[in-house]
Amino acid sequence: MTQNPDLNIALIGCGTVGTGVAKILQSSRESLRQRSGRSMQLRRVVVKNVAKQRDVDFGGIPVSNDIRTVTDDPDIHLAIYVVGGISWAREDVTRLLQSGKDVITANKALLYAHGAELFALAGTMNRTICFEAAVAGGIPIISAVNTALTANRILSIEAILNGTSNFILTRMLDRREPYDAVLAEAQARGYAEADPAMDVDGTDAAQKLSILTQLAYGTRVPLEDIVRQGIQQIELLDLLVAAELGYRVKLLATSRLAKERLEVSVQPTLVRADRAIGMTSGADNIVSIEGDAAGLLRFSGAGAGQMPTASAVMADVIDYATGRAAITFQSILRLQGQKPIPLQPQEELSRRYYLRFTVADQPHVLADIADILGRNEISISSVRQDETADIEDESGVARLVIMTHRTTEGRLRNADREIAELSSIRGDRIRMPIAD
Ligand code: HSE
């Protein structure tokens, strides 16, 4: 980093987060200077569509659609890269590092997919990558794992890491609003990804969990090794039954050390309503992290949205300006070399489960399902079926909810394959673990 009193910044991307960053750079100029000791100058902006009307006025700052305006400008020290996607982003960040720029990014998909390669390049080029905003929006969890908790062996991470899906689950239950309407509102509020499928199918949370797991345990976990389910099939009925039983349904991301192996999953999960995770509502995120020395710590707050995410980006900018970021990045690079902890095979994950079936309202259906569960050594803890209309020709359907005792993911998958073959099954089969 040049010892220049001015810190010359390029902003690449001016969507939800980029706009928030520009707003803070403009509105908090003096306090940023006081906290960092340097005057922050936004020198260049790169966007896809230069002609687009924006929520922020760049005055005389050059706005281009060509990243070479940044890579070719020797006066730019730092690039704030807040563009989504993977392949272009990989190319852009590679070029930025190669041209001697340090990089701050909120792009978790990029870090998940190419973090190791980009970190290695940054190390070689003696550059720094900061990424606080990539995980859990405004919550300083990257900083906590990389600095405050480094004296600990991390025992478990249990988290809500996707604001959009938490917003949907909360609104559906609290206001009885349908899934599609709530998703549209999450998009309008700027919580959702450009492709909201990644929010609701668990991909976004899994990418973030993978980044946290790598930092906490040194283990790279590809998405295919994470037991992963989204919230798309969850119905209001599931949320109501869970609530009656004292639970909330949360898209829970878990990375846990069990007998020297890591259990990693992202699944809609029944969590006790009176636990901090169960009480985390709206677009908030929470990360409960247990260290062997610090014990259980909980970080919660806005996990998505323009200003919380921009706050995390700007915290990185200040860390960069003071020189702290470069020191932290070096220690992240050293940690990359630690011996990874092996993963627990998915089939061996052991939990209690909530199962919900929509079935033909006919004789022997419950017995058939119970038989399959029993033959797969799955013990039932409770069964619930509300009274159905007395239709003479048995054309009606019934909703059947079964809670199991502790069993393995493997046994449940086997049982589910058999249950799917029953002619009495109608529609989706829902399976959620229970985190007591
Ligand atoms: N789409 C993300 C979420 C934004 O809903 O959590 C923050 O990464």
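When a ligand or atom number is given, it counts from 1 through the structure's own listing order.
Between Lys108 and Asp204 there is a salt bridge, since a side-chain N of the basic residue sits under 4.0 Å from a carboxylate O of the acidic one.
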Identify all side-chain donor-acceptor contacts of residues 287-307 below 3.5 Å with residues at least two apart in sequence or on another chain.
residue, atom, partner, partner atom, Å
Asp292, OD1, Arg153, N, 2.9
Gln306, OE1, Lys23, NZ, 3.1
Gln306, NE2, Thr16, O, 2.9

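Going from atom CZ of Arg399 over to atom OG1 of Thr358 covers 4.0 Å, rounded to the nearest 0.5 Å.
For the pair Met314 and Val21, the minimum side-chain heavy-atom distance is below 4.5 Å.
The closest donor-acceptor contact from the side chain of Arg351 to the backbone of Thr407 lies at 3.5 Å or more, if one exists at all.
Taking the six-membered ring where tryptophan is involved, the planes of Phe131 and Phe119 are tilted, since the angle between them lies from 30° to 60°.
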Identify all N/O pairs between ligand 1 and the protein with a separation under 3.5 Å and present them as a table of atom names and distances.
residue, atom, partner, partner atom, Å
ligand 1, 1 (N), Tyr191, O, 2.7
ligand 1, 1 (N), Glu193, OE2, 2.6
ligand 1, 1 (N), Asp199, OD1, 2.7
ligand 1, 5 (O), Asn162, ND2, 3.4
ligand 1, 5 (O), Gly163, N, 3.3
ligand 1, 5 (O), Thr164, N, 2.9
ligand 1, 5 (O), Thr164, OG1, 2.7
ligand 1, 5 (O), Tyr191, O, 3.1
ligand 1, 5 (O), Asp199, OD1, 3.4
ligand 1, 6 (O), Gly163, N, 2.7
ligand 1, 6 (O), Lys208, NZ, 3.2
ligand 1, 8 (O), Lys108, NZ, 2.6
ligand 1, 8 (O), Lys208, NZ, 2.8

